[in-house]
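Scroll down for the structure; my scribbles are underneath it.
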Amino acid sequence: MRLKDKPFELLNVSLDHTKDEAETVINAMKMPGVNTWQSVEGRNPAADLYNVYKLPAWFLIDAQGVIRAR
């Protein structure tokens, strides 16, 4: 992930079972940053990539795509 003109980005990885569930929570909580939901055979590739298995999980990702804090 490369960030253009931003020092960092907030990443939300949803573990909801359906896209509708994820959108409901994202909209209700007005979550900032990049919000992800994707189910591939019941799995979320972003969750697998960042090793997210429980919530909340927060990451601070710098402009070079490096996780600076978790």
Side-chain angles (χ1 to χ4, degrees):
M1 173 188 287
R2 296 280 186 244
L3 306 175
K4 187 176 182 178
D5 303 322
K6 295 182 180 181
F8 66 90
E9 187 63 86
L10 297 173
L11 173 65
N12 169 42
V13 177
S14 172
L15 297 180
D16 290 296
H17 296 287
T18 68
K19 186 176 181 180
D20 287 341
E21 290 174 351
E23 287 177 346
T24 297
V25 172
I26 290 165
N27 291 332
M29 297 183 74
K30 297 181 173 102
M31 297 176 122
V34 175
N35 296 290
T36 66
W37 178 88
Q38 183 179 8
S39 180
V40 177
E41 299 177 3
R43 301 195 58 127
N44 180 325
D48 291 342
L49 177 66
Y50 291 105
N51 199 26
V52 175
Y53 56 91
K54 67 179 182 175
L55 299 175
W58 296 90
F59 302 90
L60 180 63
I61 302 172
D62 73 13
Q64 287 72 44
V66 176
I67 296 173
R68 295 297 177 177
R70 178 178 176 145

Inset, instruction - Share the residues that join Trp37 in a hydrophobic cluster, the rule being Ile, Leu, Val, Met, Phe, Trp or Tyr side chains under 4.5 Å apart at the heavy-atom level. - result: none

Legend entry - With Asp48 via salt bridge (Lys or Arg N to Asp or Glu O under 4.0 Å) - residues at least two apart: Arg43

Inset, instruction - Output all residues satisfying side chain to side chain contact (heavy atoms under 4.5 Å, CB included) with Thr24, sequence neighbours left out; order by chain, then residue number. - result: none

Legend entry - Co-members of the apolar cluster containing Tyr53 [side chain, <4.5 Å]: none

Legend entry - Listed partners of Ala47 passing side chain to side chain contact (heavy atoms under 4.5 Å, CB included), at least two apart: Val13, Leu15, Asn44, Val52

Inset, instruction - Determine, using the 4.5 Å side-chain heavy-atom cutoff (strictly less than), whether Leu49 and Val34 are members of one ILVMFWY cluster. - result: yes

Legend entry - Sequence neighbours excluded - side-chain hydrogen bond (donor to acceptor under 3.5 Å, both in side chains) pairs with any residue from residues 10-22: Asn12-Asn35, Ser14-Asp16

